[in-house]
Chemist: 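Shown below is the structure under consideration.
All heavy atoms count here, side chains included; hydrogens, waters and symmetry mates do not. Below, chains carry the letters A, B, ... as their sequence lines are ordered, and counting in each starts from 1.
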Protein chains: 2
Amino acid sequence: MENRTYHHGNLREALVDAGVALARAGGPSAVVLRAVSREAGVSHNAAYRHFADHQDLLAAVAARCMEQLGLLMVRRTAEVAEDDPVLRAWARLAAIGRAYVDFALTEHGWFRTAFSGATAHGAKHALTDPDAGRTDPYTLLAARLDELVTVGELPPERRPGAEYAAWSAVHGLADLLVDGPLRDLPAEEVAFAVETVLAAVARGL
Amino acid sequence: MENRTYHHGNLREALVDAGVALARAGGPSAVVLRAVSREAGVSHNAAYRHFADHQDLLAAVAARCMEQLGLLMVRRTAEVAEDDPVLRAWARLAAIGRAYVDFALTEHGWFRTAFSGATAHGAKHALTDPDAGRTDPYTLLAARLDELVTVGELPPERRPGAEYAAWSAVHGLADLLVDGPLRDLPAEEVAFAVETVLAAVARGL
DNA sequence: CGTGCATGTTGACAATGACAACATGCGGTG
DNA sequence: CACCGCATGTTGTCATTGTCAACATGCACG
(Lines give C-alpha, C1' and ligand atoms only; values in the text may rest on other atoms or scores of the structure.)
Protein backbone atom coordinates (compact mmCIF):
# COMPACT_ATOMS: atom_id res chain seq x y z
CA MET A 1 0.00 0.00 0.00
CA GLU A 2 3.05 2.23 0.43
CA ASN A 3 4.04 4.57 -2.32
CA ARG A 4 7.44 2.95 -2.37
CA THR A 5 8.93 5.11 -5.04
CA TYR A 6 7.90 7.46 -7.74
CA HIS A 7 6.86 4.44 -9.69
CA HIS A 8 4.04 2.55 -8.09
CA GLY A 9 4.94 -1.01 -8.93
CA ASN A 10 1.64 -2.44 -10.02
CA LEU A 11 -0.65 0.50 -10.37
CA ARG A 12 -2.98 -1.24 -12.74
CA GLU A 13 -4.10 -3.74 -10.12
CA ALA A 14 -4.33 -1.02 -7.49
CA LEU A 15 -6.57 1.03 -9.74
CA VAL A 16 -8.86 -1.87 -10.46
CA ASP A 17 -9.00 -2.69 -6.75
CA ALA A 18 -10.00 0.87 -5.96
CA GLY A 19 -12.54 0.80 -8.73
CA VAL A 20 -14.05 -2.41 -7.42
CA ALA A 21 -14.32 -0.89 -3.96
CA LEU A 22 -16.05 2.20 -5.29
CA ALA A 23 -18.31 0.12 -7.50
CA ARG A 24 -19.39 -1.96 -4.55
CA ALA A 25 -20.82 1.04 -2.76
CA GLY A 26 -21.93 3.25 -5.60
CA GLY A 27 -22.32 1.15 -8.72
CA PRO A 28 -20.79 1.92 -12.10
CA SER A 29 -21.32 5.65 -11.85
CA ALA A 30 -19.08 5.69 -8.79
CA VAL A 31 -16.17 4.33 -10.79
CA VAL A 32 -14.84 7.76 -11.58
CA LEU A 33 -11.43 8.01 -13.11
CA ARG A 34 -10.22 10.73 -10.80
CA ALA A 35 -11.75 9.17 -7.70
CA VAL A 36 -10.12 5.86 -8.48
CA SER A 37 -6.74 7.53 -8.94
CA ARG A 38 -7.22 9.45 -5.70
CA GLU A 39 -8.09 6.23 -3.88
CA ALA A 40 -4.97 4.58 -5.24
CA GLY A 41 -2.92 7.45 -3.91
CA VAL A 42 -1.88 8.54 -7.32
CA SER A 43 -2.61 11.60 -9.36
CA HIS A 44 -5.35 11.77 -11.96
CA ASN A 45 -4.14 10.86 -15.43
CA ALA A 46 -1.86 8.19 -14.06
CA ALA A 47 -4.57 5.77 -15.09
CA TYR A 48 -4.06 6.70 -18.71
CA ARG A 49 -0.82 4.75 -18.69
CA HIS A 50 -2.80 1.58 -18.02
CA PHE A 51 -6.21 2.18 -19.53
CA ALA A 52 -7.19 3.76 -22.80
CA ASP A 53 -9.98 5.75 -21.25
CA HIS A 54 -12.68 5.69 -18.62
CA GLN A 55 -14.60 3.01 -20.49
CA ASP A 56 -11.58 0.77 -20.54
CA LEU A 57 -11.07 1.05 -16.79
CA LEU A 58 -14.73 0.42 -16.17
CA ALA A 59 -14.57 -2.71 -18.29
CA ALA A 60 -11.71 -4.04 -16.17
CA VAL A 61 -13.64 -3.32 -12.99
CA ALA A 62 -16.74 -4.90 -14.48
CA ALA A 63 -14.80 -8.07 -15.23
CA ARG A 64 -13.83 -8.32 -11.59
CA CYS A 65 -17.42 -7.77 -10.50
CA MET A 66 -18.54 -10.49 -12.86
CA GLU A 67 -15.94 -12.76 -11.31
CA GLN A 68 -17.37 -12.06 -7.87
CA LEU A 69 -20.74 -13.17 -9.14
CA GLY A 70 -19.19 -16.31 -10.54
CA LEU A 71 -17.44 -17.04 -7.27
CA LEU A 72 -20.67 -16.88 -5.33
CA MET A 73 -22.29 -19.20 -7.85
CA VAL A 74 -19.42 -21.66 -7.45
CA ARG A 75 -19.63 -21.50 -3.67
CA ARG A 76 -23.36 -22.08 -3.63
CA THR A 77 -23.00 -24.96 -6.04
CA ALA A 78 -20.49 -26.63 -3.77
CA GLU A 79 -22.77 -26.21 -0.79
CA VAL A 80 -25.46 -28.38 -2.31
CA ALA A 81 -25.55 -31.62 -0.31
CA GLU A 82 -27.67 -34.10 -2.17
CA ASP A 83 -26.77 -37.64 -3.02
CA ASP A 84 -29.34 -38.51 -5.62
CA PRO A 85 -27.84 -37.44 -8.97
CA VAL A 86 -31.15 -36.29 -10.39
CA LEU A 87 -32.15 -34.21 -7.40
CA ARG A 88 -28.64 -32.88 -7.13
CA ALA A 89 -28.68 -31.67 -10.71
CA TRP A 90 -31.87 -29.73 -10.11
CA ALA A 91 -30.67 -28.44 -6.76
CA ARG A 92 -27.47 -27.18 -8.28
CA LEU A 93 -29.32 -25.38 -11.04
CA ALA A 94 -31.55 -23.75 -8.47
CA ALA A 95 -28.50 -22.88 -6.40
CA ILE A 96 -26.82 -20.88 -9.13
CA GLY A 97 -30.08 -19.18 -9.93
CA ARG A 98 -30.58 -18.18 -6.33
CA ALA A 99 -26.95 -17.11 -6.12
CA TYR A 100 -27.45 -14.86 -9.13
CA VAL A 101 -30.42 -13.08 -7.60
CA ASP A 102 -28.92 -12.96 -4.13
CA PHE A 103 -25.79 -11.42 -5.54
CA ALA A 104 -27.82 -8.80 -7.36
CA LEU A 105 -29.73 -7.93 -4.20
CA THR A 106 -26.93 -7.99 -1.67
CA GLU A 107 -24.17 -6.69 -3.92
CA HIS A 108 -26.27 -4.20 -5.77
CA GLY A 109 -23.32 -2.04 -6.84
CA TRP A 110 -21.20 -4.90 -8.06
CA PHE A 111 -24.07 -6.44 -9.99
CA ARG A 112 -24.91 -3.26 -11.83
CA THR A 113 -21.26 -2.65 -12.56
CA ALA A 114 -20.73 -6.17 -13.85
CA PHE A 115 -23.30 -5.57 -16.57
CA SER A 116 -22.41 -2.00 -17.41
CA GLY A 117 -20.01 -1.64 -20.24
CA ALA A 118 -18.28 -3.67 -22.86
CA THR A 119 -17.24 -6.80 -21.07
CA ALA A 120 -16.46 -8.36 -24.41
CA HIS A 121 -13.20 -6.51 -24.92
CA GLY A 122 -11.94 -7.03 -21.42
CA ALA A 123 -12.57 -10.76 -21.80
CA LYS A 124 -10.20 -10.94 -24.70
CA HIS A 125 -7.28 -12.13 -22.60
CA ALA A 126 -9.51 -14.71 -20.98
CA LEU A 127 -7.76 -17.23 -23.18
CA THR A 128 -4.51 -16.59 -21.39
CA ASP A 129 -6.07 -16.72 -17.95
CA PRO A 130 -6.30 -20.44 -17.13
CA ASP A 131 -9.28 -20.37 -14.79
CA ALA A 132 -11.15 -17.51 -16.37
CA GLY A 133 -13.84 -19.81 -17.63
CA ARG A 134 -14.04 -21.46 -14.25
CA THR A 135 -15.94 -18.53 -12.78
CA ASP A 136 -17.69 -17.27 -15.87
CA PRO A 137 -21.42 -17.29 -15.03
CA TYR A 138 -22.33 -18.42 -18.52
CA THR A 139 -19.97 -21.37 -18.33
CA LEU A 140 -21.26 -22.30 -14.90
CA LEU A 141 -24.81 -22.32 -16.17
CA ALA A 142 -23.86 -24.43 -19.17
CA ALA A 143 -22.30 -27.00 -16.85
CA ARG A 144 -25.55 -27.30 -14.88
CA LEU A 145 -27.57 -27.75 -18.03
CA ASP A 146 -25.17 -30.36 -19.30
CA GLU A 147 -25.52 -32.16 -16.01
CA LEU A 148 -29.28 -32.20 -16.42
CA VAL A 149 -28.86 -33.83 -19.80
CA THR A 150 -26.43 -36.36 -18.34
CA VAL A 151 -28.83 -37.47 -15.63
CA GLY A 152 -31.58 -37.69 -18.17
CA GLU A 153 -33.74 -34.85 -16.92
CA LEU A 154 -33.32 -32.63 -19.94
CA PRO A 155 -33.98 -34.10 -23.39
CA PRO A 156 -30.88 -33.54 -25.53
CA GLU A 157 -32.95 -31.92 -28.26
CA ARG A 158 -33.92 -29.25 -25.72
CA ARG A 159 -30.37 -28.56 -24.71
CA PRO A 160 -29.53 -26.07 -27.47
CA GLY A 161 -30.56 -22.62 -26.39
CA ALA A 162 -31.42 -23.72 -22.87
CA GLU A 163 -28.94 -21.15 -21.56
CA TYR A 164 -31.00 -18.41 -23.11
CA ALA A 165 -34.12 -19.49 -21.29
CA ALA A 166 -32.56 -19.97 -17.87
CA TRP A 167 -30.21 -17.04 -18.00
CA SER A 168 -32.80 -14.62 -19.34
CA ALA A 169 -35.31 -15.47 -16.65
CA VAL A 170 -32.92 -15.14 -13.75
CA HIS A 171 -31.12 -12.13 -15.13
CA GLY A 172 -34.37 -10.39 -15.92
CA LEU A 173 -35.69 -10.99 -12.45
CA ALA A 174 -32.49 -9.67 -10.92
CA ASP A 175 -32.53 -6.57 -13.10
CA LEU A 176 -36.18 -5.81 -12.41
CA LEU A 177 -35.67 -6.26 -8.68
CA VAL A 178 -32.49 -4.25 -8.42
CA ASP A 179 -32.93 -1.44 -10.88
CA GLY A 180 -36.29 -1.80 -12.46
CA PRO A 181 -39.95 -1.38 -11.65
CA LEU A 182 -39.84 -4.14 -9.03
CA ARG A 183 -37.25 -2.22 -7.04
CA ASP A 184 -39.48 -1.49 -4.06
CA LEU A 185 -41.07 -4.90 -3.73
CA PRO A 186 -41.48 -5.99 -0.10
CA ALA A 187 -39.09 -8.69 1.04
CA GLU A 188 -41.56 -11.56 1.21
CA GLU A 189 -42.87 -10.70 -2.23
CA VAL A 190 -39.30 -10.78 -3.52
CA ALA A 191 -38.88 -14.26 -2.12
CA PHE A 192 -42.13 -15.33 -3.73
CA ALA A 193 -41.06 -13.89 -7.07
CA VAL A 194 -37.74 -15.71 -6.93
CA GLU A 195 -39.37 -19.05 -6.18
CA THR A 196 -41.96 -18.52 -8.88
CA VAL A 197 -39.37 -17.71 -11.50
CA LEU A 198 -37.11 -20.61 -10.56
CA ALA A 199 -40.02 -23.01 -10.70
CA ALA A 200 -41.11 -21.66 -14.07
CA VAL A 201 -37.59 -22.03 -15.43
CA ALA A 202 -37.43 -25.64 -14.29
CA ARG A 203 -40.74 -26.40 -15.95
CA GLY A 204 -39.88 -24.43 -19.05
CA LEU A 205 -36.64 -26.18 -19.84
CA MET B 1 -42.01 25.63 -32.20
CA GLU B 2 -41.85 29.45 -32.19
CA ASN B 3 -40.52 31.17 -29.14
CA ARG B 4 -43.72 33.18 -28.96
CA THR B 5 -42.73 35.33 -26.06
CA TYR B 6 -40.24 35.46 -23.28
CA HIS B 7 -42.32 32.80 -21.65
CA HIS B 8 -42.38 29.59 -23.57
CA GLY B 9 -45.92 28.44 -23.02
CA ASN B 10 -45.43 24.78 -22.26
CA LEU B 11 -41.75 24.33 -21.82
CA ARG B 12 -42.13 21.22 -19.75
CA GLU B 13 -43.56 19.24 -22.65
CA ALA B 14 -41.01 20.70 -25.03
CA LEU B 15 -38.19 19.63 -22.75
CA VAL B 16 -39.50 16.11 -22.41
CA ASP B 17 -39.96 15.93 -26.19
CA ALA B 18 -36.38 16.98 -26.71
CA GLY B 19 -35.25 14.52 -24.10
CA VAL B 20 -37.13 11.71 -25.79
CA ALA B 21 -35.53 12.59 -29.11
CA LEU B 22 -32.05 12.57 -27.61
CA ALA B 23 -32.76 9.36 -25.71
CA ARG B 24 -33.82 7.65 -28.91
CA ALA B 25 -30.43 8.15 -30.47
CA GLY B 26 -28.12 8.08 -27.50
CA GLY B 27 -29.85 6.38 -24.62
CA PRO B 28 -30.17 7.74 -21.11
CA SER B 29 -26.70 9.25 -21.06
CA ALA B 30 -27.67 11.47 -23.96
CA VAL B 31 -30.44 13.06 -21.96
CA VAL B 32 -28.24 15.89 -20.81
CA LEU B 33 -29.89 18.81 -19.13
CA ARG B 34 -28.08 21.43 -21.11
CA ALA B 35 -28.47 19.60 -24.39
CA VAL B 36 -32.17 19.20 -23.79
CA SER B 37 -32.54 22.89 -23.00
CA ARG B 38 -30.52 23.76 -26.07
CA GLU B 39 -32.71 21.53 -28.20
CA ALA B 40 -35.81 23.21 -26.83
CA GLY B 41 -34.40 26.57 -27.81
CA VAL B 42 -34.12 27.70 -24.26
CA SER B 43 -31.22 28.48 -22.02
CA HIS B 44 -29.74 26.03 -19.57
CA ASN B 45 -31.30 26.24 -16.12
CA ALA B 46 -34.72 26.92 -17.57
CA ALA B 47 -35.41 23.25 -16.93
CA TYR B 48 -35.03 23.81 -13.21
CA ARG B 49 -38.39 25.60 -13.19
CA HIS B 50 -40.05 22.36 -14.25
CA PHE B 51 -37.84 19.62 -12.89
CA ALA B 52 -36.13 19.29 -9.54
CA ASP B 53 -32.92 18.07 -11.09
CA HIS B 54 -31.46 15.97 -13.84
CA GLN B 55 -32.84 12.79 -12.33
CA ASP B 56 -36.33 14.21 -12.32
CA LEU B 57 -36.16 15.14 -15.98
CA LEU B 58 -34.77 11.74 -16.85
CA ALA B 59 -37.65 10.09 -15.03
CA ALA B 60 -40.14 12.04 -17.09
CA VAL B 61 -38.38 11.07 -20.31
CA ALA B 62 -38.19 7.46 -19.13
CA ALA B 63 -41.94 7.42 -18.58
CA ARG B 64 -42.48 8.46 -22.17
CA CYS B 65 -40.09 5.79 -23.40
CA MET B 66 -41.96 3.21 -21.36
CA GLU B 67 -45.16 4.41 -22.97
CA GLN B 68 -43.64 3.87 -26.41
CA LEU B 69 -42.88 0.30 -25.43
CA GLY B 70 -46.45 -0.13 -24.25
CA LEU B 71 -47.81 1.31 -27.47
CA LEU B 72 -45.88 -1.19 -29.56
CA MET B 73 -47.18 -3.99 -27.37
CA VAL B 74 -50.74 -2.77 -27.84
CA ARG B 75 -50.29 -2.50 -31.59
CA ARG B 76 -48.84 -5.99 -31.88
CA THR B 77 -51.61 -7.40 -29.74
CA ALA B 78 -54.22 -5.89 -32.02
CA GLU B 79 -52.52 -7.34 -35.08
CA VAL B 80 -53.06 -10.90 -33.91
CA ALA B 81 -55.65 -12.46 -36.21
CA GLU B 82 -56.76 -15.72 -34.71
CA ASP B 83 -60.32 -16.86 -34.16
CA ASP B 84 -59.85 -19.73 -31.79
CA PRO B 85 -59.89 -18.23 -28.29
CA VAL B 86 -57.25 -20.57 -26.94
CA LEU B 87 -54.81 -20.07 -29.76
CA ARG B 88 -55.52 -16.36 -29.71
CA ALA B 89 -54.63 -16.12 -26.05
CA TRP B 90 -51.28 -17.79 -26.63
CA ALA B 91 -50.63 -15.79 -29.78
CA ARG B 92 -51.30 -12.54 -27.96
CA LEU B 93 -48.94 -13.46 -25.16
CA ALA B 94 -46.24 -14.28 -27.68
CA ALA B 95 -47.01 -11.03 -29.50
CA ILE B 96 -46.31 -8.83 -26.50
CA GLY B 97 -43.19 -10.82 -25.71
CA ARG B 98 -41.90 -10.38 -29.23
CA ALA B 99 -42.87 -6.72 -29.14
CA TYR B 100 -40.84 -6.29 -25.97
CA VAL B 101 -37.70 -7.75 -27.48
CA ASP B 102 -38.21 -6.07 -30.84
CA PHE B 103 -38.57 -2.75 -29.11
CA ALA B 104 -35.40 -3.31 -27.17
CA LEU B 105 -33.50 -4.20 -30.34
CA THR B 106 -34.88 -1.59 -32.71
CA GLU B 107 -35.32 1.22 -30.20
CA HIS B 108 -32.18 0.53 -28.26
CA GLY B 109 -31.94 4.03 -26.81
CA TRP B 110 -35.58 4.25 -25.78
CA PHE B 111 -35.49 0.85 -24.15
CA ARG B 112 -32.42 1.60 -22.07
CA THR B 113 -33.84 4.94 -21.09
CA ALA B 114 -37.19 3.47 -20.10
CA PHE B 115 -35.49 1.33 -17.49
CA SER B 116 -32.93 3.83 -16.29
CA GLY B 117 -34.01 5.83 -13.33
CA ALA B 118 -36.75 6.04 -10.81
CA THR B 119 -39.89 5.49 -12.80
CA ALA B 120 -41.75 4.98 -9.56
CA HIS B 121 -41.92 8.66 -8.69
CA GLY B 122 -42.90 9.80 -12.14
CA ALA B 123 -45.69 7.25 -12.15
CA LYS B 124 -47.23 8.81 -9.08
CA HIS B 125 -49.68 10.90 -11.05
CA ALA B 126 -50.61 7.87 -13.09
CA LEU B 127 -53.77 7.74 -11.05
CA THR B 128 -54.87 11.04 -12.51
CA ASP B 129 -53.98 10.05 -16.05
CA PRO B 130 -56.98 8.07 -17.33
CA ASP B 131 -55.24 5.81 -19.82
CA ALA B 132 -51.90 5.55 -18.09
CA GLY B 133 -52.55 1.95 -17.21
CA ARG B 134 -53.69 1.27 -20.75
CA THR B 135 -50.15 1.31 -22.05
CA ASP B 136 -48.32 0.14 -18.97
CA PRO B 137 -46.36 -2.97 -19.99
CA TYR B 138 -47.04 -4.65 -16.69
CA THR B 139 -50.77 -4.14 -17.02
CA LEU B 140 -50.69 -5.38 -20.60
CA LEU B 141 -48.95 -8.54 -19.54
CA ALA B 142 -51.40 -9.11 -16.70
CA ALA B 143 -54.28 -8.87 -19.17
CA ARG B 144 -52.75 -11.60 -21.33
CA LEU B 145 -52.24 -13.88 -18.35
CA ASP B 146 -55.80 -13.30 -17.21
CA GLU B 147 -56.97 -14.21 -20.66
CA LEU B 148 -55.06 -17.47 -20.47
CA VAL B 149 -56.86 -18.27 -17.25
CA THR B 150 -60.19 -17.36 -18.80
CA VAL B 151 -59.73 -19.70 -21.74
CA GLY B 152 -58.61 -22.42 -19.37
CA GLU B 153 -55.01 -22.67 -20.47
CA LEU B 154 -53.51 -21.47 -17.22
CA PRO B 155 -54.59 -23.11 -13.96
CA PRO B 156 -55.85 -20.39 -11.62
CA GLU B 157 -53.53 -21.56 -8.88
CA ARG B 158 -50.62 -20.80 -11.18
CA ARG B 159 -51.84 -17.32 -11.95
CA PRO B 160 -50.28 -15.57 -8.92
CA GLY B 161 -46.74 -14.57 -9.73
CA ALA B 162 -47.05 -15.53 -13.36
CA GLU B 163 -46.11 -11.97 -14.28
CA TYR B 164 -42.76 -12.46 -12.62
CA ALA B 165 -41.96 -15.49 -14.69
CA ALA B 166 -43.01 -14.08 -18.04
CA TRP B 167 -41.73 -10.58 -17.51
CA SER B 168 -38.39 -11.68 -16.10
CA ALA B 169 -37.66 -14.00 -18.98
CA VAL B 170 -38.48 -11.52 -21.70
CA HIS B 171 -36.92 -8.56 -19.95
CA GLY B 172 -33.79 -10.50 -19.18
CA LEU B 173 -33.43 -11.61 -22.75
CA ALA B 174 -33.90 -8.06 -23.96
CA ASP B 175 -31.35 -6.71 -21.52
CA LEU B 176 -28.77 -9.35 -22.32
CA LEU B 177 -29.21 -8.80 -26.05
CA VAL B 178 -29.13 -5.03 -25.94
CA ASP B 179 -26.66 -4.19 -23.24
CA GLY B 180 -25.30 -7.41 -21.88
CA PRO B 181 -22.99 -10.22 -22.84
CA LEU B 182 -25.25 -11.29 -25.72
CA ARG B 183 -24.83 -7.91 -27.36
CA ASP B 184 -22.91 -9.12 -30.38
CA LEU B 185 -24.96 -12.21 -31.12
CA PRO B 186 -25.49 -12.77 -34.85
CA ALA B 187 -28.96 -12.05 -36.13
CA GLU B 188 -30.11 -15.60 -36.69
CA GLU B 189 -28.89 -16.62 -33.26
CA VAL B 190 -30.89 -13.73 -31.80
CA ALA B 191 -34.00 -15.03 -33.50
CA PHE B 192 -33.31 -18.50 -32.17
CA ALA B 193 -32.81 -17.18 -28.66
CA VAL B 194 -36.10 -15.27 -28.80
CA GLU B 195 -38.04 -18.28 -29.94
CA THR B 196 -36.39 -20.49 -27.35
CA VAL B 197 -37.18 -18.11 -24.53
CA LEU B 198 -40.79 -17.60 -25.60
CA ALA B 199 -41.32 -21.34 -25.86
CA ALA B 200 -39.80 -21.87 -22.43
CA VAL B 201 -42.02 -19.21 -20.95
CA ALA B 202 -45.11 -20.80 -22.40
CA ARG B 203 -44.12 -24.20 -21.02
CA GLY B 204 -43.07 -22.74 -17.69
CA LEU B 205 -46.28 -20.94 -16.88
C1' DC C 1 28.04 5.10 -15.24
C1' DG C 2 24.83 6.99 -18.54
C1' DT C 3 20.63 7.14 -20.92
C1' DG C 4 16.03 5.62 -23.11
C1' DC C 5 11.52 4.84 -22.32
C1' DA C 6 7.84 3.25 -19.42
C1' DT C 7 5.47 5.31 -15.79
C1' DG C 8 3.60 9.45 -13.06
C1' DT C 9 2.75 14.45 -12.63
C1' DT C 10 1.22 19.17 -13.58
C1' DG C 11 -1.48 22.15 -16.17
C1' DA C 12 -5.06 23.19 -19.05
C1' DC C 13 -9.71 22.98 -21.44
C1' DA C 14 -14.58 22.05 -22.57
C1' DA C 15 -18.80 20.01 -20.88
C1' DT C 16 -21.93 19.21 -17.25
C1' DG C 17 -25.09 19.64 -13.04
C1' DA C 18 -26.23 22.79 -9.76
C1' DC C 19 -26.81 27.22 -7.22
C1' DA C 20 -27.63 32.35 -6.82
C1' DA C 21 -28.98 36.66 -8.47
C1' DC C 22 -31.39 39.02 -11.84
C1' DA C 23 -34.91 39.92 -15.80
C1' DT C 24 -39.48 39.57 -17.89
C1' DG C 25 -44.16 39.68 -18.41
C1' DC C 26 -48.87 37.36 -17.42
C1' DG C 27 -52.79 37.58 -14.38
C1' DG C 28 -55.14 39.26 -10.83
C1' DT C 29 -56.21 43.59 -7.67
C1' DG C 30 -57.00 48.10 -6.57
C1' DC D 1 -56.88 50.93 -16.59
C1' DA D 2 -52.59 51.08 -13.90
C1' DC D 3 -49.94 48.40 -10.83
C1' DC D 4 -47.45 44.75 -9.00
C1' DG D 5 -46.48 39.80 -7.37
C1' DC D 6 -44.91 35.65 -8.70
C1' DA D 7 -44.20 32.09 -12.02
C1' DT D 8 -41.06 31.52 -15.63
C1' DG D 9 -36.41 32.31 -18.16
C1' DT D 10 -31.69 34.19 -18.20
C1' DT D 11 -26.91 35.23 -17.01
C1' DG D 12 -23.08 34.30 -14.21
C1' DT D 13 -20.51 31.33 -11.57
C1' DC D 14 -18.48 27.09 -9.37
C1' DA D 15 -16.84 22.29 -8.51
C1' DT D 16 -16.35 17.97 -10.82
C1' DT D 17 -15.12 15.16 -14.59
C1' DG D 18 -12.85 13.13 -18.87
C1' DT D 19 -9.24 14.03 -21.84
C1' DC D 20 -5.12 15.97 -24.08
C1' DA D 21 -0.35 17.92 -24.04
C1' DA D 22 3.92 18.89 -21.97
C1' DC D 23 6.99 17.75 -18.50
C1' DA D 24 9.39 14.94 -14.61
C1' DT D 25 11.36 10.71 -12.67
C1' DG D 26 13.88 6.71 -12.21
C1' DC D 27 14.36 1.56 -13.43
C1' DA D 28 16.69 -1.40 -16.69
C1' DC D 29 19.85 -2.05 -19.87
C1' DG D 30 24.00 -0.77 -22.46
Side-chain angles (χ1 to χ4, degrees), chain A residues 1-23 25-62 109 112-113 116-118 121-122 125, chain B residues 1-23 25-62 109 112-113 116-118 121-122 125:
Chain A
M1 288 298 168
E2 295 298 314
N3 191 353
R4 339 176 168 224
T5 74
Y6 183 91
H7 286 41
H8 187 285
N10 60 342
L11 184 54
R12 185 184 169 104
E13 286 306 305
L15 289 171
V16 176
D17 284 344
V20 169
L22 290 174
S29 66
V31 183
V32 175
L33 210 47
R34 293 169 101 106
V36 168
S37 303
R38 229 173 287 148
E39 207 72 13
V42 104
S43 234
H44 76 276
N45 271 352
Y48 282 99
R49 298 298 163 186
H50 300 273
F51 302 95
D53 55 5
H54 179 223
Q55 192 59 224
D56 194 26
L57 166 63
L58 189 60
V61 173
R112 282 174 41 200
T113 306
S116 82
H121 304 296
H125 65 99
Chain B
M1 291 298 168
E2 292 300 316
N3 189 352
R4 333 169 173 229
T5 73
Y6 182 90
H7 286 41
H8 186 285
N10 61 342
L11 182 57
R12 185 183 169 102
E13 287 306 305
L15 289 171
V16 176
D17 284 344
V20 169
L22 290 174
S29 66
V31 184
V32 174
L33 238 123
R34 294 169 102 107
V36 168
S37 302
R38 230 173 289 148
E39 207 73 12
V42 103
S43 235
H44 75 274
N45 274 350
Y48 283 101
R49 298 298 163 188
H50 299 274
F51 301 95
D53 55 4
H54 179 224
Q55 191 60 225
D56 194 26
L57 166 64
L58 189 61
V61 173
R112 282 173 43 199
T113 307
S116 82
H121 304 297
H125 65 100

Chemist: Calculate the interatomic distance between A:His44 atom NE2 and D:dC20 atom C1'; express it in whole Å.
Modeler: 10 Å
Chemist: Between B:His54 (NE2) and C:dG17 (C1'), how many Å, whole number?
Modeler: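 Value for this atom pair: 8 Å.
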Chemist: Would you call A:Leu11 and A:Arg49 a side-chain contact if the rule is heavy atoms closer than 4.5 Å?
Modeler: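 They are not in contact (no side-chain heavy atoms under 4.5 Å apart), so the answer is no.
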Chemist: Starting at atom CG of B:Asp56, determine the distance to atom C1' of C:dG17, rounded to an integer number of angstrom.
Modeler: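 Spelled out: CG on B:Asp56 to C1' on C:dG17 is 14 Å.
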Chemist: Check side chain to side chain donor-acceptor pair (under 3.5 Å) between B:Asp56 and all other residues, then give those that pass, not counting sequence neighbours.
Modeler: none
Chemist: Atom CZ of A:Arg34 to atom P of C:dG11: distance rounded to whole Å?
Modeler: 13 Å
Chemist: So which nucleotide from C:dT9, D:dG18, C:dT7 ends up closest to the side chain of A:His50?
Modeler: C:dT7
Chemist: Report all interatomic pairs (protein N or O, nucleotide N or O of nucleotides 21-23 of chain D) with separations under 3.5 Å.
Modeler:
residue, atom, partner, partner atom, Å
D:dA21, N6, A:Asn45, ND2, 3.3

Chemist: Roughly how many Å is it from OH in B:Tyr48 to C1' in C:dA21, rounded to a whole number?
Modeler: 16 Å
Chemist: Could you tell me which residues satisfy salt bridge (charged side-chain N to carboxylate O under 4.0 Å, His left out) with A:Glu13, sequence neighbours excluded, listed by chain and number?
Modeler: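 Scan of A:Glu13 (salt bridge (charged side-chain N to carboxylate O under 4.0 Å, His left out), adjacent residues dropped) gives A:Arg64.
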Chemist: Between A:Ala35 and B:Ala47, who's closer to the 5' end of DNA chain D by nearest nucleotide?
Modeler: B:Ala47
Chemist: Given atom CG of B:Leu58 and atom P of C:dT16, what is their separation to the nearest angstrom?
Modeler: 15 Å
Chemist: For the backbone of A:Val31 and the side chain of A:His54, can you confirm whether one donor and one acceptor N or O come within less than 3.5 Å of each other?
Modeler: yes
Chemist: Would a 4.5 Å heavy-atom cut-off, applied to side chains only, mark B:Phe51 and B:Leu15 as touching?
Modeler: yes
Chemist: Just how far, in rounded Å, is P of C:dT16 from CD of B:Glu39?
Modeler: 12 Å
Chemist: Output yes when a side-chain donor or acceptor of A:Arg34 lies under 3.5 Å from a complementary backbone atom of A:His44, and no otherwise.
Modeler: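 Pair absent, no side-chain N/O of A:Arg34 close to backbone of A:His44.
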Chemist: Please report, rounded to the nearest Å, how far the P atom of D:dA7 is from the CG atom of B:Asn10.
Modeler: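 Taking atom P of D:dA7 as the reference, CG of B:Asn10 is at 19 Å.
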Chemist: Can you measure from CG (A:Leu22) to CG (A:Asp17) and round to the nearest 0.5 angstrom?
Modeler: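 A:Leu22 atom CG to A:Asp17 atom CG measures 11.0 Å (nearest 0.5 Å).
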Chemist: Between the base of C:dT7 and the side chain of A:Arg12, is one N or O donor paired with an acceptor at under 3.5 angstrom?
Modeler: no
